[in-house]
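Since the structure comes first, as structure tokens, the remarks are kept for the end.
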Amino acid sequence: MLSLENNQIKAVFSQHGAELQSLIDQKSQKQYLWQADPKFWGRHAPILFPIVGRLKDDQYQLNGQSYHLHQHGFARDLDFTVIDQQADRLTFSLQDSAVTREVYPFAFDLQISYQLTANHLTVSYRVKNPAEPKMLFSIGGHPAFTVPLADDETFDDYLVEFQPVGNYQKIPLVGNYTDSAAAQTDRMAGLKLSHEAFKNDALIYQLKQKTVLELTTSAHQHGVLLDLPATDYVGIWSPYPVKAPFVCLEPWWGLADDRQATGDFTQKRGLHQLTSQQEFVAKFTISIF
């Protein structure tokens, strides 16, 4: 395990999956990150790469070949290398290998960086295509936050506020797949949490501008801010029907296959493309209070 800390927060990470494992307020010693109880969900904040969500039948076709790739890809299940460690910053790296090329025939250089500043943890993604063929990929985060944060609160006391308040396209899920044809526009100000809200799996919203999500109670005594400066989509999820004491706020640069998807990877919705030596950079910031 590796850690970053200052006088406000302490963050702990694992090289396995380059995953954030703990996020503690130094003053209150309150644990803000879900602690991966396998009774509900055995992860903390996995990295989703090179796909977000599930492929139809867990497979896709590219250049006349079929490949099998499980939900959210393989990065979360592989060991990363630490390439930079400073007092306030930590960077992990993962590159393609014979194992990854069996399911994803692209060369890649993936870097995950964590930067600690005051009560903020900034998560940065850098994806580089080091080879000649055009690279196709998606990437995303899946951090889970403890809800409720206090013993005298309940899950239903919390809400997720959207800033700015406005119209957001909501993309429904049918089973494991998105249904873009049934997308609708919702005016979002605050989403009151309930376990029933996730009966159809994650709530997915397309983001057209800088967006901030605030997970808190009506009293705003404590909570989490997720600052998304340039994110394609956000997923909000908690497992159902179990009453799990956490909710995920997930910044995505990609989507699960649409229910009408043909399996042609070049036509997959939400993919990003990189030409040779081109880089993709994205980030989001988690703040606790």
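The analysis underlying the following values was restricted to heavy atoms, covering all of them including side chains, and did not include hydrogens, waters or symmetry mates.
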Handout entry: Any Ile9 side-chain heavy atom under 4.5 Å of Leu116 side chain
Key = yes

Fill in the blank from the handout: Taken in chain and number order and not counting sequence neighbours, the residues that satisfy salt bridge (Lys or Arg N to Asp or Glu O under 4.0 Å) with Lys192 are none

Handout entry: Phe137 and Phe49 aromatic ring geometry - parallel, tilted or perpendicular at 30°/60° bounds
Key = tilted

Problem - Aromatic contact, Tyr60 with Tyr67 (centres under 6.0 Å) - result: yes

Handout entry: Any donor-acceptor N or O pair under 3.5 Å, side chains Asp258, Ser180
Key = yes

Handout entry: Distance-only polar pair, side chains of Thr266 and Asp264, donor-acceptor under 3.5 Å
Key = yes

Problem - Ile112 with Leu2, same ILVMFWY side-chain cluster at under 4.5 Å - result: yes

Exercise for the section: Look at the side-chain heavy atoms of Ile, Leu, Val, Met, Phe, Trp and Tyr, link any pair under 4.5 Å apart, and say whether Trp253 and Leu226 land in one connected group. Expected result: yes

Practice task
Please determine, by modelled atom types, if Ser22 and Gln31 share a side-chain donor-acceptor pair under 3.5 angstrom.
Solution key: yes

Handout entry: Test item: Asp58 side-chain N/O and His70 main-chain N/O as donor-acceptor pair under 3.5 Å
Key = no

Please tabulate, for side-chain N and O atoms in residues 278-289, each donor-acceptor pair with protein atoms closer than 3.5 Å (sequence neighbours left out).
residue : atom : partner : partner atom : Å
Gln278  : OE1  : Thr275  : N            : 2.9
Gln278  : OE1  : Thr275  : OG1          : 3.0
Glu279  : OE1  : Arg126  : NH1          : 2.6
Thr285  : OG1  : Thr122  : OG1          : 2.9
Ser287  : OG   : His120  : ND1          : 2.6

Exercise for the section: For the pair His72 (side chain) and Gly53 (backbone), establish whether a donor and an acceptor sit closer than 3.5 Å, ignoring hydrogens and angles. Expected result: yes

Exercise for the section: Measure the CD-NE2 distance between Gln59 and His68 for me, rounded to the nearest 0.5 Å. Expected result: 7.0 Å

Handout entry: For Tyr158, all residues meeting ring-ring contact (aromatic ring centres under 6.0 Å, His included), sequence neighbours excluded
Key = none

Practice task
State whether a side-chain donor-acceptor pair under 3.5 Å links Gln35 with Asp37.
Solution key: no

Kindly list each side-chain donor-acceptor pair under 3.5 angstrom involving residues 163-170, sequence neighbours excluded, with atom names and distances?
residue : atom : partner : partner atom : Å
Gln163  : NE2  : Glu214  : OE1          : 3.4
Tyr168  : OH   : Pro164  : O            : 2.6

Handout entry: Polar side chain donor-acceptor pair, Ser113 to Ser124, under 3.5 angstrom
Key = no

Exercise for the section: Count the heavy atoms belonging to other residues, nucleotides or ligands that lie under 6.0 Å from NZ of Lys208, then report whether that count exceeds 12. Expected result: no

Handout entry: Test item: Thr146 and Leu33 side chains (from C-beta on) under 4.5 Å apart, heavy atoms
Key = no

Handout entry: Minimum heavy-atom distance Gly73-Arg76, with the two atoms named
Key = O-NE, 4.0 Å

Practice task
May I ask you to check whether Phe198 and Tyr240 place their ring centres under 6.0 Å from each other?
Solution key: no

Handout entry: side-chain hydrogen bond (donor to acceptor under 3.5 Å, both in side chains) assessment of Lys10 paired with Gln26
Key = CA-CA 7 Å; Lys10 178 178 180 179; Gln26 295 277 49; over 6 Å; no

Problem - Heavy-atom donor-acceptor pair, Asp232 side chain to Trp252 backbone, under 3.5 Å - result: no

Problem - Pair Phe106 and Phe108, ring centroids less than 6.0 Å apart - result: no

Practice task
Consider only side-chain heavy atoms of I, L, V, M, F, W and Y, link residues closer than 4.5 Å, and tell whether Leu149 and Leu20 are in one cluster.
Solution key: yes

Handout entry: Side-chain hydrophobic cluster, 4.5 Å single linkage: members besides Trp237
Key = Trp34, Phe40, Trp41, Val242, Phe246

Handout entry: Lys243 atom NZ, over 12 foreign heavy atoms within 6.0 Å
Key = no

Handout entry: Test item: Phe74 and Tyr104 side chains (from C-beta on) under 4.5 Å apart, heavy atoms
Key = yes

Practice task
Look only at the side chain of Asn6 and the backbone of Gln8, and say whether a donor-acceptor pair between them is shorter than 3.5 Å.
Solution key: yes

Exercise for the section: Evaluate whether atom CG of Asn63 has more than 12 neighbouring non-hydrogen atoms of other residues, nucleotides or ligands under 6.0 angstrom away. Expected result: no

Problem - Pairwise distance CD1(Ile51) to CD(Gln71) - rounded to 0.5 angstrom - result: 8.0 Å

Exercise for the section: Taking all heavy atoms of Phe80 and all of Ala75, pick out the closest pair and write down the distance. Expected result: CE1-O, 3.3 Å

Problem - Main-chain N/O of Val99 paired to Ser97 side chain as donor or acceptor, under 3.5 Å - result: yes

Exercise for the section: Give a yes or no on whether Leu48 and Tyr205 share a hydrophobic cluster (residues Ile, Leu, Val, Met, Phe, Trp, Tyr; joining criterion: side-chain heavy atoms under 4.5 Å apart). Expected result: no

Problem - Atom pair OG (Ser93) and CD1 (Ile83), whose distance is rounded to the nearest 0.5 Å - result: 4.5 Å

Problem - Rounded distance [0.5 Å steps], NZ in Lys268 versus OG1 in Thr262 - result: 11.0 Å

Problem - Set of residues satisfying side-chain contact (heavy atoms from CB on, under 4.5 Å) with respect to Asn200, sequence neighbours excluded - result: none

Handout entry: N-O pairing of Arg259 and Asp179 below 4.0 Å
Key = yes

Practice task
Considering only NZ, NE, NH1 and NH2 on the basic side and carboxylate oxygens on the acidic side, decide whether Arg54 and Asp257 come within less than 4.0 Å.
Solution key: no

Exercise for the section: Taking the side chain as every heavy atom from C-beta outward, state whether Val234 and Leu207 have any pair of such atoms under 4.5 Å apart. Expected result: yes

Handout entry: Donor-acceptor side-chain pairing of His222 and Glu153 below 3.5 angstrom
Key = yes

